[in-house]
S.K.: 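Please read through the structure below; I'll follow up with questions.
None of these values were measured; they are calculated from a predicted model. Ligands are counted one by one from 1 in listed order, and the atoms in each one are counted from 1 as well.
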Amino acid sequence: MNKFFATTPIYYVNDVPHIGHTYTTIAADVLTRYHHQKGKEAQLLTGTDEHGAKIAEAAKKHGEKPKEYADKISQEFKKTWDKLNINYVRFIRTTDEDHIKIVQEFLLKMYKNGAVEEKPRLYKGLYCVPHEKFMSKDELVNGLCPDHKTAPIDYAEENYYFRLSDYQQKLEQLISEDKIKVRPLTRKNEVLGKIRQGLEDISISRANLEWGIPLPFDTSHTTYVWIDALINYYTYGSANDLWPADLHLVGKDILWFHSVIWPAMLLSIGEEPPKEVFAHGFFTINGEKMSKTIGNVIKPEELINKYGVDGTRYVLLAAFPFGEDGNFSWELFDRLYNADLANGLGNLVARVARLSEKSGLSINQDMGEHETKDFEEKIESLDFSGALVVANHYLKNIDEKISQEKPWEIKDKDKLQKLLTSYISEIVKTVKLFQPFLPQTAENILSQFSGSIKSAPPLFPRV
Ligand code: MSP
């Protein structure tokens with residue numbers, strides 16, 4: 001099919017957008033732009049997760065009603081994505097009318113199909129509010145959630161249950177056969193291993209939390225925030241003839257929700273599961289998870305101020321292999337920016353533009369495209385840093401060619417212009433590879449190298 005529907009997670013509305021969130025979103029945007037470039041109707045969905053105990057508590061702290069509070073702060077993520085040139089089709093909020101309606105329809109179907117136990121029953125356990133999830137004792141370190149360093153609360157309530165255990169075999173089969181492609185492969189194996197240990201039924205409602213979507217079959221309960229949140233993909237996808245989604249891009253911490261719980265929910269109403277779920281690694285700071293609760297977040301603005309929008313998009317994806325964790329450091333990012341963008345692409349473009357301007361060169365033909373299976377395979381398997389290595393390799397080749405041919409020594413104008421045109425042709429083709437990563441820069445370079453060529457200020461000033 002000629003469409004590509006990708007999603008980012010919907011971010012907790014009261015979180016501060018940090019480079020962890022930014023990472024997922026930029027990666028999804030790059031992929032969407034890539035498919036768009038290939039002529040597909042590519043759409044990216046993102047938004048905010050606005051129900052649940054965590055938001056209710058935050059609102060209370062601010063002395064506001066949850067909805068008022070969410071309305072006020074929900075633009076933070078949107079503003080950040082707009083600044084970063086994220087080309088989403090819809091910014092969905094779980095408090096949007098159409099979403100609430102779809103969640104209720106979805107849950108009613110689950111209930112009518114017998115996928116939800118008829119009556120609520122007691123649930124007891126430890127609940128981590130910042131995570132919005134139940135945790136087992138062995139997940140804790142010294143009694144605290146290892147990610148948030150906070151103590152989970154004791155929780156005992158009558159909850160409705162989803163019969164997740166009914167889907168064990170089906171899920172195992174779908175995932176092992178790549179009908180639901182879980183990637184990277186190590187994660188697929190982890191998920192399969194965990195499924196094989198057995199699936200337990202899960203609680204899907206809250207009896208004592210008002211801030212949520214009422215269950216359609218028992219309005220004294222609200223929907224557990226994760227169940228509500230996962231359905232956002234379907235709210236947009238089903239209304240726009242885009243279901244099943246081609247890709248849910250998520251961090252490794254929320255892979256289980258996306259590769260097991262969510263597909264089972266879809267199967268329970270007779271819908272198709274997503275085609276692929278990809279879990280990327282984490283940015284850590286001194287080896288620790290970045291989070292508002294810990295207070296060690298790096299904000300995208302800090303990167304944008306230093307590297308610009310495209311520079312930020314670039315360094316985040318180039319720094320580490322996409323599936324793996326990576327420790328953030330300014331030294332590493334500065335080095336990468338200077339080497340690849342300031343001294344690499346930026347310098348090459350400036351040199352060739354200067355020589356071309358001096359020789360009065362004008363370009364009036366289409367330069368075509370690289371045929372590069374290698375690059376395509378890398379980007380389609382979400383190996384962004386690998387794809388960038390391939391693209392940078394083309395630039396190095398052009399640099400070498402220029403060093404060997406020494407165009408600045410050539411006096412014969414025709415010969416010189418021919419050479420410069422050949423460099424420009426290579427640059428233009430390579431810039432098209434960079435385009436999903438560096439949309440604004442690519443546009444600038446492509447227009448600089450068409451018609452009569454002029455020098456321009458440095459694309460990526462050194463830091
Ligand atoms: N609201 C839920 C998602 C519901 S989706 C149906 C949620 N939100 S979140 O704001 O906490 O995190 C969203 C995404 O950011 C996740 O994919 C998570 O993995 C990612 N990241 C959060 N911190 C991160 C890093 N430090 N590094 C990389 N990504 C991380 O979970």
S.K.: Quick check: Y69 with W211 (ring centres under 6.0 Å apart)?
M.R.: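 Ring centres of Y69 and W211 not closer than 6.0 Å.
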S.K.: Before we go on, tell me: are the rings of F322 and F278 under 6.0 Å apart, centre to centre?
M.R.: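 Aromatic pair counts; centres sit under 6.0 Å.
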S.K.: Among F257, F328, Y12, whose heavy atom sits nearest atom 9 (S) of ligand 1?
M.R.: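 Result: the heavy atom closest to atom 9 (S) of ligand 1 is in Y12.
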S.K.: Tell me whether D49 has any N or O atom under 3.5 angstrom from an N or O of ligand 1.
M.R.: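 Yes, at least one N or O pair falls under 3.5 Å.
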S.K.: Taking 4.0 angstrom as the limit and counting only heavy atoms of A229, give me the atoms of ligand 1 inside it, by number and element.
M.R.: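 So the answer, numbered in order with elements, is 6 (C).
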S.K.: Decide if the gap between the ring center of Y314 and the ring center of Y337 is smaller than 6.0 angstrom.
M.R.: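 Distance test on ring centres: not under 6.0 Å, no.
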S.K.: Is there a polar contact, in the sense of an N or O pair closer than 3.5 Å, between F282 and ligand 1?
M.R.: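 No, F282 has no N/O under 3.5 Å of an N/O on ligand 1.
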S.K.: Give the ring-plane orientation class for F134 versus Y224, where under 30° counts as parallel, over 60° as perpendicular and anything between as tilted.
M.R.: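 The arrangement is tilted - the two ring planes meet at 30° to 60°.
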S.K.: Testing the 3.5 Å rule here: is there a donor-acceptor pair between the side chains of Y88 and D29?
M.R.: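 Short answer, no.
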S.K.: Starting from atom 22 (C) of ligand 1, which protein heavy atom do you reach first, and at what distance in Å?
M.R.: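 Result for atom 22 (C) of ligand 1: H18 CE1, 3.8 Å.
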S.K.: Under 3.5 Å between any N/O of I10 and any N/O of ligand 1: does that happen in this structure?
M.R.: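 Among all N and O atoms of I10, at least one is under 3.5 Å from an N or O of ligand 1.
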S.K.: Mind checking the CG-NE2 spacing from L303 to H18? Nearest 0.5 Å is all I need.
M.R.: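 Rounded to the nearest 0.5 Å, the CG-NE2 separation comes out at 13.0 Å.
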S.K.: Considering heavy atoms of the protein only, find what lies nearest to atom 6 (C) of ligand 1 and give residue, atom and distance to 0.1 Å.
M.R.: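 Here the closest protein heavy atom is Y233 OH, 3.4 Å.
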S.K.: H370 and F375: aromatic ring centres closer than 6.0 Å?
M.R.: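 No, ring centres 6.0 Å or more apart.
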S.K.: Can a donor-acceptor pair be found between the side chains of D228 and H99 at a distance below 3.5 Å?
M.R.: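 Per modelled atom types, D228 and H99 side chains form a pair under 3.5 Å.
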S.K.: Return the CG to CD1 distance between D374 and I379, rounded to the nearest 0.5 Å.
M.R.: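 The CG atom of D374 sits 12.0 Å away from the CD1 atom of I379.
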S.K.: Restricting to non-hydrogen atoms, name the atom on L174 and the atom on P273 that form the minimum distance, rounded to 0.1 Å.
M.R.: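 Smallest heavy-atom distance, with atoms named: CD1-CG, 4.2 Å.
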S.K.: With a cut-off of 4.0 Å, which atoms of ligand 1 are near a heavy atom of D253?
M.R.: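 Result: 18 (C), 19 (O).
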S.K.: Among all protein heavy atoms in this structure, tell me which lies nearest to atom 20 (C) of ligand 1, with the distance rounded to 0.1 Å.
M.R.: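 Heavy-atom neighbour on the protein nearest atom 20 (C) of ligand 1: T24 OG1, 4.1 Å.
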S.K.: With heavy-atom distances below 4.0 Å as the criterion, list the atoms of ligand 1 near D15.
M.R.: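 Contacts of ligand 1 toward D15, numbered from 1: 10 (O), 11 (O).
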S.K.: Can you find a non-hydrogen atom of W262 under 4.0 Å from ligand 1?
M.R.: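 False for this residue.
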S.K.: Please identify which atoms of ligand 1 are closer than 4.0 Å to at least one heavy atom of H280.
M.R.: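 Going through ligand 1 atom by atom, the ones under 4.0 Å from H280 are 28 (C), 29 (N).
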S.K.: For atom 26 (N) of ligand 1, grab the closest protein heavy atom and report residue, atom and distance to one decimal in Å.
M.R.: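 Protein heavy atom with the smallest distance to atom 26 (N) of ligand 1: F283 O, 3.0 Å.
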S.K.: Indicate whether any N or O donor in one side chain lies under 3.5 Å from an N or O acceptor in the other, for Q43 and Y236.
M.R.: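 Checked: Q43/Y236 side chains pair up, N/O donor to acceptor below 3.5 Å.
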S.K.: Identify, for atom 24 (C) of ligand 1, the protein heavy atom at the shortest distance, and state residue, atom and that distance.
M.R.: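 The answer is G20 CA, 3.6 Å.
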S.K.: Please write down residue, atom name and distance for the protein heavy atom closest to atom 13 (C) of ligand 1.
M.R.: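 Here the nearest protein heavy atom works out to Y11 CD2, 3.3 Å.
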S.K.: To the nearest 0.5 Å, what is the distance between CG on L84 and CD1 on I304?
M.R.: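 Going from CG on L84 over to CD1 on I304, the span is 4.0 Å.
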S.K.: Looking only at protein heavy atoms, which one is nearest to atom 16 (C) of ligand 1, and how far off is it?
M.R.: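 For this ligand atom, the closest protein heavy atom is I254 CD1, 3.7 Å.
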S.K.: Just jot down the ligand 1 atoms closer than 4.0 angstrom to any heavy atom of G281, in number order.
M.R.: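 With G281 as reference, the close atoms of ligand 1 come out as 28 (C).
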S.K.: May I ask you to identify the nearest protein heavy atom to atom 17 (O) of ligand 1, giving residue, atom name and distance to one decimal place in Å?
M.R.: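 The answer is G251 N, 2.8 Å.
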S.K.: For L230, take its heavy atoms, then give the atoms of ligand 1 lying under 4.0 Å from any of them.
M.R.: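 Those qualifying, in numeric order: 6 (C).
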